[in-house]
Amino acid sequence: MTDSKYFTTTKKGEIFELKAELNSDKKEKKKEAVKKVIASMTVGKDVSALFPDVVNCMQTDNLELKKLVYLYLMNYAKSQPDMAIMAVNTFVKDCEDPNPLIRALAVRTMGCIRVDKITEYLCEPLRKCLKDEDPYVRKTAAVCVAKLHDINAQLVEDQGFLDTLKDLISDSNPMVVANAVAALSEIAESHPSSNLLDLNPQSINKLLTALNECTEWGQIFILDCLANYMPKDDREAQSICERVTPRLSHANSAVVLSAVKVLMKFMEMLSKDLDYYSTLLKKLAPPLVTLLSAEPELQYVALRNINLIVQKRPEILKHEMKVFFVKYNDPIYVKLEKLDIMIRLASQANIAQVSAGELKEYATEVDVDFVRKAVRAIGRCAIKVEQSAERCVSTLLDLIQTKVNYVVQEAIVVIKDIFRKYPPTSRYESVIATLCENLDSLDEPEARAAMIWIVGEYAERIDNADELLESFLEGFHDESTQVQLQLLTAIVKLFLKKPTETQELVQQVLSLATQDSDNPDLRDRGYIYWRLLSTDPVAAKEVVLAEKPLISEETDLIEPTLLDELICYIGTLASVYHKPPSAFVEGSRGVVHKSLPPRTGSSESAESPEAAPTGAPPGEQPAVIPAQGDLLGDLLNLDLGPPVTGPPLSTAPVQMGAVDLLGGGLDSLMGDEAEGPRGDVSGSPAMGGTNFAAPPAGTMPANLGGPIGGGLGDLFDLTSGVGSLSGSYVAPKAVWLPAMKAKGLEISGTFTRQVGSISMDLLLTNKALQVMSDFAIQFNRNSFGLAPAAPLQVHAPLSPNQTVEISLPLNTVGSVMKMDPLNNLQVAVKNNIDVFYFSTLYPLHILFVEDGKMERQTFLATWKDIPNENEAQFQIKDCPLNAEAVSSKLQASNIFTIAKRNVEGQDMLYQSLKLTNSIWVLAELRVQPGNPNLTLSLKCRAPEVSQHVYQAYETILKN
Amino acid sequence: MIHSLFLINSSGDIFLEKHWKSVVSRSVCDYFFEAQERATEAENVPPVIPTPHHYLLSVYRHKIFFVAVIQTEVPPLFVIEFLHRVVDTFQDYFGVCSELVIKDNVVVVYEVLEEMLDNGFPLATESNILKELIKPPTILRTVVNTITGSTNVGDQLPTGQLSVVPWRRTGVKYTNNEAYFDVIEEIDAIIDKSGSTITAEIQGVIDACVKLTGMPDLTLSFMNPRLLDDVSFHPCVRFKRWESERILSFIPPDGNFRLLSYHVSAQNLVAVPVYVKHSISFRDSSSLGRFEITVGPKQTMGKTVEGVIVTSQMPKGVLNMSLTPSQGTHTFDPVTKLLSWDVGKINPQKLPSLKGTMSLQAGASKPDENPTINLQFKIQQLAISGLKVNRLDMYGEKYKPFKGIKYMTKAGKFQVRT
């Protein structure tokens, strides 16, 4: 006899029959009837009409019957609230039962009855159960508080249940502790502000003790809770790590991953020199590998997390490439993830086995998505590891020979990227020929565009380039925009390379693009080329055939701050989606921004919002850490902060455009031109002024917008990243050499940078009684090789009390010697009387060059590449500007905003600048609306400049 | 935490639903069905599916989708682990886990699920405790229950849940005290065309069946514990002792349980016990291809390789195959293109082989993917990693138990590329 018999009663009057059976006197019959009711309920039939009859069966000694009735109650109480009250009495009675199993069952069921009216009757029994002598009852009651909170939060707070719950964290029974933590965590999620899980070293100790003894699920709750704790120093972090490490050997993968999260987070605080640090790194690899032998669903989640871990700490899994090799019967979602990680792990050491063997094997599999990704992967390997490039290209050529349509197309796209990284020398000549053979089979726009790009770019090596491009031109209007744009560019390139034979062709394409097209992007690009070609073909050649920036090896790295944040969310949904919870969790009310702890030493300073740079010597300065205060400020801003003033519409379109450009590349550049009338650019400083709350608007350099030539001139400034037309900030002149020290000659001056050239503006005053003449100037060797580019020219002798203003052009090709401080400049000035010496400090921003704008991808890769020790963090105090104002101010001084991201209401600006000696400095600037303090993190391969860059930032922003 | 659970069969019917908090309408599963439709095969349905208000996390086992619904940020591994635990529990209770069995025992299923989670928090997931709370159905018990009116539900407090050894119930009594341990190793490998090993690793487990009276305290030591550097333990194992002495010391749960699982990684040299010689050729022009494979043993330490089954997914272009095996039986399904050859034992003196011709679609070009050969086999009395148990001792009880240790090596995902 099986339970399926309960499903057989589907005939009419079923409810009626059940009702009769439920009211039967026979115990056995009653129970059978309840079972039938439950069975119907399970399959989704509505049996709520039987409510009173079922509740009547509740008062019984039969435990099974009681449980069944409870099951029913939980399901239907909501729809029959009035009836449900009938059950209250039994609950209250059961909570007093001598059998703890009954007590626990009652308190458990009670909480599942989601009826407001009932809840208040349940407070008293619940209070008793929370203090019950039996831990089994207590732990059940702890969960009940969370249930009740879900139904009526106010009630739970008023009744003081939260405090009782907090007390349970110190309970003697580990299971009670675990459940209390779980309940508190769930409540805290809907109450981000409340300080429910107030962790301190004592409570942490209790949790760690309970961790060893509670069930696997309890361990997950406790570990997740531990991960939110901020140890006060590295020793505490290490001792927690030591006690968490054994969890890595747990059979439950969720425990393992939660432990990994705690370790990854607290490892941030440990110094890399510690032996323990490297031991820990070694211990992390095996459990991660083991996760990959679990069921495919677990593997998938594990792989998504490993993807993050590999980006953060590649050293952990660098030797484990082989475990990511794809088995042909892995589910597709596992295959794609494995492939991703393989590419991230690819290095010179293991590239041979990966690129030629494995990836090629994958590229012959059946699944189209996977095959495409495998082909892309081959390309990425080639770009990442130069030694493998040749091998990869020949693999790709083999694949093209298979003539499988989508493989060929994907391979062409990939080869285009490889060519961008390694321009084809003679050894790739044959490749181009092979590619050309496959021209006809390409039907995907991306592949067609890639092929056209190759033909245009290497037109001089392809004999029949003009024929090839012409053949594309026939169906010009049927092509997608991507292909059309590419074709236009390619033909212009061809024309510039072989002007004589292709004049007709270029005219044809220009007229197709400008006159016959409705697409503004295409039209505008057409016009630009047209004018460029007609005004100045030499310039056109320089522009169109300019050297292209290298493409970066890592294309889909996660931004460093986001990565750090995601590391805090290992094992959660956020880690599966690679998005912070605020981006997708419903309502996101409960989401508090998490961040990695700082490395030792700076942990104190992170909390004190000092204006001074928070890390002492640059070079030891660690990761990006939002201070506690920021979090608070962030929360306050949600509703209390002043409304964020939106940028006035006219705020320097130059800057806005520049930011946009990065996202959309050339296409959006064109779009920008089309829609942005540039006429009002010069007016922007004044208008922008309204935007800056405190500092006077007039201090903006007057020529921010720069002279406005036609849209074209403006445009090209943007493309090449030359924001040079605007000058950088100029400090007022200061007295460098007082008259007393120099026999009556007073020199005051300042440094300026304008349109790419640096100059020293000097004011020479003769305070002596005799005429001065024969001026000359010389610099001592200095850190950046600054030297006068021309002799000091004072045309007429300087008569007493006369002042002359001179602008001395400087260059940076002089001899170099490291000075202390770095920006110290020793100057000698000579006149007919004597030689005088003085020294001055020049602001570093005069050395920021105009092409200091890094490609977005390069930026990400570089940021990751520069070791964390090179990072320095500073606070810029009292600078109440919004992000747009900040970036426009900085751009005027050649600090370029590459990307902007809004995290939890605060703007993160990613910026780059380049010094005259080609040192790149990468910056991350955090601007919070309503908070006048900005946080600046700098990364640079030469960390000693960070301090001065920070000073430059401060000077620029505060003036 | 876990909000609801839906069980869905492969034809897309929801045949059971269970809610631990408020009721979530089953229409939420429509998102799952969409994903299911998009996936070519059931195995490819993504395990995490977002919907506007919920997340669906699913596992696919025994041709049933177990779909959990969650609403807040919950560790997905936690949910997936739990779902697997549900499946294991069903299997433990009913012997098999299938739609039919679940429907037949729907009340027990419902009761068990209710005990496993409370408000979405795991409550009792140890099968020892669950069985104390809700007795698994047996024919005998059903008969007895019908006669006496007693029930499946225990009315005792599951004492184990409170003790320091929650995995073991108290008051266990046996007349024959016995403890058996099975060391089972599965070898996962990818072998390339030329027969060299691309990657090979071992997933090992020690499964135990312990039926001992009282509270025995066991220690198990190995001849070569250094092999075990990547291990996951049952919670009963005392980790400290392992760390310091490399000895497994534990109070065992009652009955069947997995004591430990371990992983011998590709970096150690893993012996591959069999080899496959193959020659598969599709000729471009003619509509006949040649097919020949031979299986042979290597590095088996003198043990016999048995239970050998060779399967291979042939390319679409293969219409039929006419093959002759030297031993065993073979089938080829012209619809699914699955070739399967049940070889049986490998006799090293006379290697089994399968050869013949394939008829290919006329005019079609050479298939672009090569078939991969999948191998299954078993080797008794051998742990291919070389792991050996040294001794097993019992403390805490007076009687003398009967002890036994068995070794076995199996193929896991063992693939040969051609």
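In what follows, chains carry the letters A, B, and so on, assigned in the order in which the sequence lines appear, proteins first and then strands, with residues in each chain numbered from 1. Just so it is clear, the structure is predicted and the values come from calculations on it, not from any experiment.
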Considering only heavy atoms, which portion of [X] lies under 4.5 Å from any heavy atom of chain A: side chain, backbone, both, or neither?
X: B:Val59; value: both
X: B:Asn374; value: side chain
X: B:Glu81; value: both
X: B:Ile70; value: side chain
X: B:Arg85; value: side chain
X: B:Val45; value: backbone
X: B:Tyr262; value: neither
X: B:Lys18; value: side chain
X: B:Phe233; value: both
X: B:Ser261; value: neither

Would you mind reporting whether [Y] and [X] have side-chain heavy atoms less than 4.5 Å apart?
X: A:Leu257; Y: B:Pro75; result: no
X: B:Ser232; Y: A:Thr290; result: yes
X: B:Thr125; Y: A:Glu216; result: yes
X: B:Glu111; Y: A:Ile38; result: no
X: B:Leu77; Y: A:Leu298; result: yes
X: B:Trp242; Y: A:Pro246; result: no
X: B:Phe121; Y: A:Glu186; result: yes
X: B:Val48; Y: A:Arg304; result: no

Kindly give the heavy-atom pair with the smallest separation between [X] and [Y], and that separation in Å.
X: B:Arg417; Y: A:Val326; value: NH2-O, 3.6 Å
X: A:Tyr577; Y: B:Ile49; value: OH-C, 4.1 Å
X: B:Ile80; Y: A:Val301; value: CD1-CG2, 3.7 Å
X: B:Pro76; Y: A:Gly571; value: CD-O, 2.9 Å

Rounded to the nearest 0.5 Å, how far does [atom2] of [Y] lie from [atom1] of [X]?
X: B:Leu260; Y: A:Ser249; atom1: CG; atom2: OG; value: 10.0 Å
X: B:Thr199; Y: A:Lys327; atom1: OG1; atom2: NZ; value: 6.5 Å
X: B:Asp118; Y: A:Asn179; atom1: CG; atom2: CG; value: 8.0 Å
X: A:Thr109; Y: B:Glu114; atom1: OG1; atom2: CD; value: 7.0 Å
X: B:Leu57; Y: A:Leu573; atom1: CG; atom2: CG; value: 6.5 Å
X: A:Ser293; Y: B:Glu201; atom1: OG; atom2: CD; value: 7.0 Å

Pick from [options] with the largest number of heavy-atom pairs that fall under 4.5 Å of chain A:
options: B:Val237, B:Leu83, B:Asn119; answer: B:Asn119
options: B:Leu100, B:Val74, B:Asn44, B:Asp188; answer: B:Asn44
options: B:Ser58, B:Gly412, B:Pro47; answer: B:Pro47

Which atoms of A:Tyr328 come close to chain B, meaning under 4.5 Å heavy atom to heavy atom: side chain ones, backbone ones, both, or neither?
both
If we define contacts as heavy-atom pairs under 4.5 Å, which of [options] has the most with chain B?
options: A:Trp217, A:Phe325, A:Phe221, A:Tyr70; answer: A:Trp217
options: A:Asn252, A:Ile220, A:Thr140, A:Val256; answer: A:Asn252
options: A:Val143, A:Asn305, A:Leu68; answer: A:Val143

So that I can tick it off, tell me whether A:Arg108 and B:Glu115 are bridged by a salt bridge, with the cut-off set at under 4.0 angstrom between side-chain N and carboxylate O.
yes
Residues B:Arg61 and A:Glu297 bridged, charged N to O under 4.0 Å:
no
Distance alone, cut at 3.5 Å: any donor-acceptor contact between the side chains of B:Gln415 and A:Asn329?
yes
Counting distance only, does the side-chain N/O of B:Glu73 pair as donor-acceptor with the main-chain N or O of A:Thr572 below 3.5 Å?
no
side-chain contact (heavy atoms from CB on, under 4.5 Å) evaluation trace for B:Ile190 with A:Glu361
CA-CA 12 Å; B:Ile190 304 178; A:Glu361 193 68 44; over 6 Å; no
